[in-house]
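Counting from 1, the numbers follow the sequence of the chain as shown.
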Amino acid sequence: MRYYERFKEIRQQKGLTHKEVSEGICGMTTIYRFERGDTAITAEVLYKLCQRLSISMQTLFIDEESEYALIDYYLDKLRDYVYFKHPEMLKQTLQDAKKTINEKPRFDLKYRNYDRLYRTYTAIDLRNDDKYVQAEKILLELMEETKNIKSLELEIINALGDLYIVTDRDDEALALYQKHRNRILDFPRVDGFERFMIKQLHYGYASCLYNNHSYVQALEVCYKLLIRIQENNSMFYLGKTHHLMTLIYIALRDPKPAREHLAQCEAAFLLEDLGDKLAYHIQIAREEIEALG
């Protein structure tokens, strides 16, 4: 029995309707589709629904094929909230995971690197709260511990590089990216959440090179990033990359390719409904291109 089927069974045993169990938490249609296995729901919504049923979340997973199905569920949600930029959901899910998993002695926290991933996402949560010293301490410790774990180390590099950029420490970010240059640029093709991590690494690296006036190297990384984007389409990073390339060509005083990349930037942002939010940055770039003649 799958966890959503178990949820339906318990709801029916308690005599609660879809309306009664969902009221104030989510829509009735969401519960209906969830119980059929047609849609997933977030960890925090599931946590609230379980509270309404007066059960713990792990109760839903007792019949799963693996006793660690709940860990898988939390990891999937934490990854989504990190890479799709949902800081409040990340914070809530970390708190729920701590209560449900970390504080339960029966769970082996070495399972699928859960402990390391939890600490990485905790550092990102601290960074979101401007607690930069605590976040950096965790990430540096993780870097030391995970030297030989390729995919996880890249995830930590991504978080640490982003932390340096947020705190205006571009030189340190650039040194970090250059140290791991080959692994970042030549990382094997990936699916799922890892592709977002790779795009962020490329974009962060290119931005630091641009800020360091290393324009040709920045273009090289941008072109590699465009290849990644074509393999797994992302209008947001497509727009950001073309905007960065516009700025690079402006710095190189080459207006023709700058205009071409700005047009592609606008098209991508329009498709993502970001045109209005980023109109100022686009207008500044346009004015600088016109000034070049």
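- Of all non-hydrogen atoms in P87 and D125, the two that sit nearest each other are O-OD1, 4.4 Å.
- Between H243 and H281, the closest heavy-atom pair is NE2-O, 3.6 Å.
- From I229, atom CD1 reaches atom CD1 of I198 across 12.5 Å, with rounding to the nearest 0.5 Å.
- Looking only at side-chain heavy atoms (C-beta outward), L226 and H242 come within less than 4.5 Å of each other.
- Distance check, rounded to the nearest 0.5 Å: OG1 of T93 to CG of L78 gives 5.5 Å.
- For Y121, the side chain to side chain donor-acceptor pair (under 3.5 Å) partners are E155, not counting sequence neighbours.
- Under the 4.5 Å side-chain criterion, counting only non-hydrogen atoms from C-beta, Q95 is in contact with Q92.
- L16 CG to I10 CD1: the interatomic distance, rounded to the nearest 0.5 Å, is 11.0 Å.
- When all heavy atoms of L176 and G161 are compared, the closest pair comes out as CD2-N, 3.5 Å.
- Q230 places no side-chain N or O within donor-acceptor distance of the main-chain N or O of I227, the cut-off being under 3.5 Å.
- In this structure, NE2 in H261 is found 10.0 Å from CG in L244, a value given to the nearest 0.5 Å.
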Donor-acceptor contacts, no H, no angles, side chain residues 285-293, under 3.5 Å, sequence neighbours left out:
residue : atom : partner : partner atom : Å
R286    : NH1  : Q283    : OE1          : 3.0
R286    : NH2  : E266    : OE1          : 3.0
R286    : NH2  : E266    : OE2          : 2.7
E287    : OE2  : Q283    : NE2          : 3.2

**OP:** Please lay out, stage by stage, how R169 and E136 fare under the test salt bridge (charged side-chain N to carboxylate O under 4.0 Å, His left out).
**Re:** CA-CA 12 Å; R169 296 156 67 186; E136 183 177 4; 3.0 Å; yes
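- Y73 carries K77 over the face of its six-membered ring, with the cationic atom under 6.0 Å from the centre and within 45° of the normal.
- Note on K91 versus E88: no salt bridge recorded, every NZ/NE/NH1/NH2 to OD/OE distance being 4.0 Å or above.
- Hydrophobic clustering of Ile, Leu, Val, Met, Phe, Trp and Tyr side chains at less than 4.5 Å, counting indirect connections, keeps I31 apart from M28.
- Applying the salt bridge (charged side-chain N to carboxylate O under 4.0 Å, His left out) criterion to K99, with sequence neighbours excluded, gives no partner residue.
- The closest donor-acceptor contact from the side chain of S214 to the backbone of Q217 lies at 3.5 Å or more, if one exists at all.
- In this structure, K199 satisfies the cation-pi test against F196, with its NZ or CZ atom closer than 6.0 Å to the six-membered ring centre and inside 45 degrees of the ring normal.
- Across all non-hydrogen atoms, the minimal contact from L185 to R228 is O-NH2, 3.7 Å.
- Y215 meets the side chain to side chain donor-acceptor pair (under 3.5 Å) test with H213; sequence neighbours excluded.
- Atom CD of Q200 is separated from atom CD1 of I165 by 10.0 Å, given to the nearest 0.5 angstrom.
- For K131, the side chain to side chain donor-acceptor pair (under 3.5 Å) test picks out no residue, with sequence neighbours left out.
- The shortest distance between side-chain heavy atoms of L60 and C50 falls below 4.5 Å.
- In this view, T122 and L94, Y118, L126, I138 satisfy the side-chain contact (heavy atoms from CB on, under 4.5 Å) rule, not counting sequence neighbours.
- The aromatic rings of Y4 and F34 stand perpendicular to each other, their planes meeting at an angle above 60°, with 30° marking the opposite boundary.
- Sorted pairs that involve residues 22-31 and meet salt bridge (Lys or Arg N to Asp or Glu O under 4.0 Å), not counting sequence neighbours, are lacking altogether.
- Of the listed residues (F187, Y164, Y177), just one forms a ring-ring contact (aromatic ring centres under 6.0 Å, His included) with Y205, and that residue is Y177.
- A pairwise comparison of heavy atoms in H202 and I184 identifies CE1-O, 3.2 Å as the closest pair.
- N211 places a side-chain N or O within donor-acceptor distance of the main-chain N or O of S207, the cut-off being under 3.5 Å.
- Within the structure, every pair that satisfies the salt bridge (Lys or Arg N to Asp or Glu O under 4.0 Å) test and touches residues 200-225, not counting sequence neighbours, is listed here: R181-E220.
- Side-chain atoms of Y32 and D38, non-hydrogen and from C-beta on, never get closer than 4.5 Å to each other.
- With sequence neighbours left out, E260 forms a side chain to side chain donor-acceptor pair (under 3.5 Å) with no residue at all.
- Taking the side chain as every heavy atom from C-beta outward, D96 and I101 never approach each other to under 4.5 Å.
- Side-chain N or O atoms of E20 include one that pairs as donor or acceptor with a backbone N or O of T17 at under 3.5 Å.
- Within the 4.5 Å cutoff, side-chain heavy atoms of R79 are placed close to those of L117.
- Not counting sequence neighbours, D130 has no partner by the salt bridge (charged side-chain N to carboxylate O under 4.0 Å, His left out) test.
- Across all non-hydrogen atoms, the minimal contact from C208 to A173 is SG-CB, 3.6 Å.
- Below 30°, between 30° and 60°, or above 60°: for Y203 and Y237 the angle between ring planes is above 60°, a perpendicular geometry.
- Between H86 and L90 the shortest side-chain heavy-atom distance does not fall below 4.5 Å.
- Proximity of C222 to I248: side-chain heavy atoms (C-beta onward) are separated by under 4.5 Å at one or more points.
- Checked against salt bridge (charged side-chain N to carboxylate O under 4.0 Å, His left out), D162 has the following partners two or more places apart in sequence or in another chain: R127.
- Using a distance-only test at 3.5 Å, with no hydrogens or angles considered, a donor-acceptor pair links the side chain of T146 to the main chain of L142.
- Contact check on R11 versus E35 returns a salt bridge, with a Lys/Arg side-chain nitrogen under 4.0 Å from an Asp/Glu carboxylate oxygen.
- Every residue two or more places apart in sequence or in another chain that forms a salt bridge (charged side-chain N to carboxylate O under 4.0 Å, His left out) with E145 is listed here: R119.
- K240 contributes atom NZ, which lies 10.0 Å from atom CG of L225 (distance to the nearest 0.5 angstrom).
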